[in-house]
Every structure is written in C-alpha cells, then in structure tokens.
Enquirer: 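Below is a structure I'd like to ask you about.
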Amino acid sequence: MIEIKNIFKNFGKLKVLSGVSTEIKKGEVVAIIGASGSGKSTLLRCMNLLEAPTFGEVWMEGRLLTPVDPYLHEEVIEASNTYKKLIGEGLERDAAIAKIREEDLLNEKFSIAEGKEYKGKIKKIYKENSIDINLARRKMGMVFQQFNLFNNMTVKDNITLAPIKTGMYKGMGKEARAAAEAKAMELLERIGLADKADVYPSTLSGGQKQRIAIVRALAMNPDVILFDEPTSALDPEMIGEVLDLMKQLAGEGMTMVIVTHEMGFAREVADRVLFVDEGIIAEEGAPAEVFGNPKHPRLKEFLSKVL
Amino acid sequence: MWKIFSQYWKILIFEGVKNTIYLSLIALFFGTIIGAFLAFGRMSKFKPLSWAVGAVVEVVRGTPMLLQLYIGVFGIPMVVPKEVRPDFLNDYFVMVAIVLVINSAAYVSEIIRSGIQAVDKGQTEAARSLGLSGFTTMTQIVLPQAVKNILPALGNEFITVIKETSLASTFAVGELMTKYDEIKSVNYNAFPAYIVIGIIYFVLTYSLSKIMAFVERKMKHD
Ligand SMILES: Nc1ncnc2c1ncn2[C@@H]1O[C@H](COP(=O)(O)OP(=O)(O)O)[C@@H](O)[C@H]1O
Ligand SMILES: [Mg+2]
C-alpha cells in the first residue's frame with residue numbers, strides 16, 4: 001500500500017528523520033509510538049508529502065510520489081560518471097556501489113556532472129512511475145490532532161467539498177452534488193451526527209469534530225487513513241467515542257497508520273507497532289512483543305514512563 | 001462658520017468632496033486590485049519575485065507620502081524628455097492619483113498578505129490532504145476565512161486614504177483641502193473654514209467606519 005524507502009528529513013540544520021524504511025500492507029493497522037519531538041508526525045506527514053522528504057522515496061500502490069532518489073537505484077548509480085571513474089580506478093561493481101552509497105558521492109546538486117546517461121535514467125524512472133500528488137492524496141486520508149474542519153463551511157459541506165471538487169461522482173453538477181450529499185448523510189448517520197449536518201464546526205465538541213474529520217476522510221473512499229494523535233486534543237471523556245470509531249474502521253479492514261500516545265489502544269488494535277527514536281525506527285514488531293518484551297533500552301525507558 | 005458654509009457650499013460639497021471621494025475611490029479600487037497581486041507576488045515560492053515585490057512594498061511603506069507625491073508630480077516628468085513625454089505626466093491630477101494608487105497598493109498588499117497568513121495552516125493541510133489543488137484550497141477555504149481578517153483592516157486603510165488625499169492639495173488638484181485654500185484666499189478668515197473642512201472629513205470617515213462595522217457584523221453571522 002505505502003512503501004517508504006530510506007527517508008531523511010531535515011529542517012534546516014535539525015535532522016529529524018535519518019533513514020526510515022517500512023512498508024504498510026493492505027489492511028494493516030500500524031501504530032507509531034515514541035517520545036514527543038522524536039519525529040512521529042514528520043514521518044506520518046512524509047507519507048502523504050505534507051512534508052517533502054529531504055532524501056528517500058515514498059511509493060503508494062506502486063506509484064512514486066517523491067522525486068527519484070538516485071542512491072536507491074543501482075542502475076542509476078551505474079550510469080553515473082562517479083561510478084565509471086571508480087570502476088576505472090579498478091573497483092569491483094558491488095564495491096563501487098557500496099562506496100558511492102556510503103560516502104554520498106553522487107553530485108545531486110549539479111546532476112549534469114554525472115552525465116547524460118545518469119540524468120536520462122532518472123527521468124525514465126520518474127516518467128514511468130510517478131503519479132500526481134493530488135491524485136495520490138485522494139486515496140490517502142489524514143486525520144489531524146487539531147481536527148482542522150473547515151471553519152467556513154457547514155458539517156455537510158466539509159464532507160462533500162473534496163468529493164465534489166475532485167469529480168469523484170460522475171454526472172452533471174447537480175447529480176454529483178446529490179450523490180456526495182447522500183454519502184455524507186449516510187456517514188453522519190453512522191456516527192449519530194446527522195442532526196449536525198447544517199451547523200458550523202465552531203458549535204461542536206472536540207469529540208464530534210474529530211469523528212466528523214474521520215468521516216470527511218472516509219467520504220473519499222480512501223485506501224488508507226493516516227492519523228496524527230487523533231485523541232491528544234480531546235477532553236478525556238471524549239477520547240472513547242473517537243477510539244471506538246477507529247476500532248470499527250480497523251475491524252472493517254481499513255488500512256490505518258496511527259501516531260498515538262494511547263498505548264492501550266495501540267496494543268489492542270495495531271497489527272504492528274513502530275517505535276521511533278532519534279530519527280529512526282529503533283524497534284518494531286507485534287504489539288505483544290513491543291509492549292511485552294521490549295529490547296531497545298530507549299523503548300524500555302519510554303514504556304516505563306508512559307505505562 | 002455657517003456663513004462660510006452657505007457661501008461656499010457649492011465649491012466645498014460639489015467640487016471638493018467630489019474630488020476627494022473621486023481620488024479616494026481610484027486609490028482604493030486600483031490599490032486593492034494591485035495590492036492583491038502584490039500580496040500573492042510576495043507570497044510566491046519563486047524567490048526573486050517575492051524578494052522584488054517585498055522590496056518595493058517596504059520602500060513605499062517606509063517613505064513619506066508627501067515625498068512620493070513630489071516624486072510623482074515633479075520628479076518623474078522632469079526626467080522624461082519633453083519630446084517623448086506623454087500628456088498625462090504633466091497632469092497633476094493623474095500623477096497624484098497614480099501615486100495614491102501605488103501607495104495604497106503597498107499597504108493593502110500587506111493587509112491581504114497578513115490576512116491570508118493568519119488563517120490556520122491546518123486548514124490548508126486538511127484541504128491538501130484530501131487531494132484538493134492549491135488553487136481550490138485558496139479559493140474555497142483560505143480566502144473566505146481571510147476576508148474576515150482583511151475587511152476591518154481594509155476599512156481602516158480606506159479611512160487613511162481619504163485623509164491622505166488632503167496632501168494632494170499641495171498640488172492644487174481640487175480636492176477638499178485645495179478648496180480650503182481657495183476659500184481662505186477670498187475670505188481672509190481661515191479659522192471657520194478649517195472647522196468646516198474638518199467636519200466634512202469627519203462626516204466622510206465616520207460614516208465609512210459605520211458602514212464597515214455594519215458589514216463586519218453581517219459577516220459574523222455566517
Ligand atoms: N516545519 C518544521 N520546521 C522546523 N522544525 C520542525 C518542523 N516540524 C517539526 N519540526 C521539529 O522536528 C522535530 C520532530 O517533530 P515532530 O515530527 O512533530 O515530532 P513528534 O510528532 O514525534 O512529537 C521537533 O524537534 C520539531 O520541533
Ligand atoms: Mg506529533
């Protein structure tokens with residue numbers, strides 16, 4: 001479903017992610033845990049390119065969302081002048097590739113220095129695999145800590161805006177709108193908020209807002225939904241209603257990636273838990289393993305603080 | 001005072017107020033349109049454009065209006081040779097209007113820019129995460145919310161411009177303040193004329209601020 005390959009993310013001098021790779025499988029529920037400031041949100045936001053990774057690639061359903069990272073393609077490295085020079089100096093193929101990767105030898109800033117063949121290879125990979133990011137995002141919902149419902153629109157318009165504007169429903173303007181509204185009402189019925197269809201978000205409680213934000217994502221029929229601490233901004237008594245809805249979705253086979261501090265929820269719902277620390281996935285595994293038998297000292301320390 | 005008003009009301013109301021409003025409307029109308037372009041220029045990801053627009057805006061905001069008027073009315077025509085000088089460069093009213101437009105465009109651009117940037121970034125992120133384009137996000141989500149920040153400040157700018165048109169009297173272009181000079185020169189009694197002119201400016205700006213307050217209240221309801 002989503003494959004991230006060797007992602008690095010720097011904000012200026014600050015190195016937040018330093019080589020993260022993982023694959024989210026169809027139907028999988030993945031929880032991302034870790035200390036505050038460890039880069040969990042950044043990792044999640046790199047998946048739908050709300051943050052552009054500094055290096056590395058993001059793939060979704062076999063389509064490339066980021067620019068091509070030359071280091072990830074041996075045939076690109078082999079086409080570079082740097083590689084040819086190393087071979088000329090008598091290095092073996094594998095040794096040359098390893099050296100280039102280890103020492104970041106490719107000239108990415110002035111890619112012309114690596115020759116036409118190198119540039120051509122990159123272009124070809126990009127052309128054959130890349131997909132417009134807006135198209136990819138339509139299949140990748142996101143739910144934010146701060147809800148981010150559109151303040152200038154009613155609940156119903158919040159839900160129907162993207163399906164209508166992206167032409168998800170066929171037919172003339174009116175037909176498409178009617179179809180989108182029928183779907184929105186069906187989703188609102190499901191969460192018991194049909195009576196709120198025509199109110200503005202400012203009149204809703206946090207729990208209501210977040211459940212509406214979730215169905216707004218669902219209205220696009222996404223293949224996967226990314227959650228960034230969906231319950232962290234909620235009053236304690238409202239956390240349950242949001243987690244219940246998420247459990248339902250997980251039960252229906254929705255693919256979900258969830259950054260969360262709700263360890264009980266992660267343990268119960270996740271198929272796999274990623275522990276992020278110092279810019280990498282320091283430990284990962286089934287929840288029983290990660291919570292029951294943590295190996296990494298930092299994970300042990302983290303769990304002793306939050307459990 | 002009443003005598004002044006009854007004697008010269010035609011000059012004051014018809015010509016002075018008309019020209020003042022005329023200049024203000026030109027400055028605001030074109031200033032707002034150009035200001036909107038400048039605002040988007042300054043927010044552009046294309047650095048040279050954003051830098052150039054920023055430089056122009058800051059210079060205009062950082063120098064006195066009266067100096068800009070002198071440059072527009074006297075300076076620019078002076079550096080253009082007579083043979084190639086288009087007529088409008090010699091027309092004080094046109095040059096004053098152009099300077100007013102540029103000046104208010106600079107201020108309006110900052111009002112629009114800060115109004116847009118005050119909209120929570122989460123709104124944009126939510127829209128983009130649904131696969132909406134940058135343009136749809138701007139027109140459907142950001143601008144409708146930014147208008148609520150922009151309108152009050154724009155109202156203040158309108159009032160400022162009305163008052164600043166008085167500087168144009170330096171070049172006797174026929175707005176309210178120029179009329180004051182005319183009245184004074186036949187009447188020799190300056191003080192009542194001051195007060196009459198002051199009242200007229202006040203009526204203009206005060207009614208405008210009332211209208212703005214009404215519009216703002218209307219907007220709050222939706
Ligand atoms: N847009 C940004 N610009 C600069 N620094 C950022 C930005 N976003 C996040 N950071 C920094 O990156 C680090 C990781 O942030 P984040 O991914 O939000 O952590 P987490 O979600 O695990 O709390 C923090 O130190 C944060 O201050
Ligand atoms: Mg976070």
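Reminder, nothing fancy here: chain letters follow the sequence lines and each chain counts from 1.
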Enquirer: Could you tell me whether Phe8(A) atom CZ has more than 12 heavy atoms of other residues or ligands within 6.0 Å of it?
Expert: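 Buried by this count: over 12 neighbours within 6.0 Å.
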Enquirer: Contact part of Ser133(B) toward chain A, heavy-atom cut-off under 4.5 Å: side chain, backbone, both or neither?
Expert: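 Looking at Ser133(B), backbone and side chain both touch chain A.
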Enquirer: Checking heavy atoms, do the side chain of Met140(A), its backbone, both or neither come under 4.5 Å from chain B?
Expert: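 Backbone only.
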Enquirer: If you define the side chain from C-beta out and look only at heavy atoms, does anything of Ile141(B) sit under 4.5 Å from Leu161(A)?
Expert: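 Yes. Closest side-chain heavy atoms under 4.5 Å.
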Enquirer: Near Tyr22(B) OH, under 6.0 Å, is it more than 12 heavy atoms from other residues, nucleotides or ligands?
Expert: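 No, because the 6.0 Å sphere around OH of Tyr22(B) holds 12 heavy atoms or fewer from other groups.
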Enquirer: What residue, out of Met153(A), Lys165(A), Gln146(A), Met220(A), has the most heavy-atom pairs lying under 4.5 Å from chain B?
Expert: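 Top option by heavy-atom pairs under 4.5 Å: Lys165(A).
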Enquirer: From Ile225(A) CD1 over to Ser129(B) OG, what is the distance, rounded to the nearest 0.5 angstrom?
Expert: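 Answer for the CD1-OG pair, Ile225(A) versus Ser129(B), is 10.5 Å.
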Enquirer: Taking the side chain as everything from C-beta on, heavy atoms only, tell me whether Leu149(A) gets closer than 4.5 Å to Gln123(B).
Expert: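 Heavy-atom side-chain distance check fails, nothing below 4.5 Å.
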Enquirer: Does Arg63(A) CZ have over 12 foreign heavy atoms under 6.0 Å away?
Expert: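 Atom CZ in Arg63(A) is packed in, count exceeds 12.
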Enquirer: For a quick test of reading the model, state the closest non-hydrogen atom pair linking Phe144(A) to Ala126(B) and the distance between them.
Expert: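 Looking at all heavy atoms of both residues, the closest pair is CE1-CA, 3.6 Å.
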Enquirer: Which atoms of Asn151(A) come close to chain B, meaning under 4.5 Å heavy atom to heavy atom: side chain ones, backbone ones, both, or neither?
Expert: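 When you check distances to chain B, atoms from both the backbone and side chain of Asn151(A) fall under 4.5 Å.
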Enquirer: Within a reach of under 6.0 Å around OH of Tyr107(B), are more than 12 heavy atoms found that belong to other residues, nucleotides or ligands?
Expert: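 Yes, enclosed.
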Enquirer: Counting only heavy atoms not in Phe11(A), do more than 12 sit closer than 6.0 Å to its CZ atom?
Expert: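 Check passes, neighbour count above 12.
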Enquirer: May I ask you to check whether Asn134(A) and Arg128(B) show a side-chain donor-acceptor distance below 3.5 Å?
Expert: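 Indeed, the side chains of Asn134(A) and Arg128(B) share at least one donor-acceptor pair under 3.5 Å.
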Enquirer: Donor-acceptor check, side chain of Asn152(A) to backbone of Val142(B), threshold 3.5 angstrom: yes or no?
Expert: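 Flag not set: sc Asn152(A) to bb Val142(B) has no pair under 3.5 Å.
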Enquirer: Could you tell me whether the side chain of Met142(A) reaches within less than 4.5 Å of the side chain of Glu125(B), counting heavy atoms only?
Expert: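 No. Closest side-chain heavy atoms not under 4.5 Å.
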Enquirer: Is it true that a side-chain atom of Asn148(A) and a backbone atom of Gly122(B) form a donor plus acceptor pair closer than 3.5 Å?
Expert: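 Checked: pair present.
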Enquirer: Step through the shown structure and confirm whether more than 12 heavy atoms of other residues, nucleotides or ligands are within 6.0 Å of CZ on Phe74(B).
Expert: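 Correct, the count exceeds 12.
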Enquirer: For Phe150(A), which atoms come within 4.5 Å of any heavy atom of chain B: side chain, backbone, both, or neither?
Expert: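 For Phe150(A), heavy atoms of backbone and side chain both lie under 4.5 Å from chain B.
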Enquirer: Sort Arg216(A) into side chain, backbone, both or neither according to what part of it lies under 4.5 angstrom from a heavy atom of chain B.
Expert: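 For Arg216(A), backbone and side chain are both near chain B.
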Enquirer: Of all heavy-atom pairs between Leu132(B) and Ala162(A), which one has the smallest distance, and what is that distance?
Expert: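 Smallest interatomic distance, heavy atoms only, reads CD2-CA, 3.9 Å.
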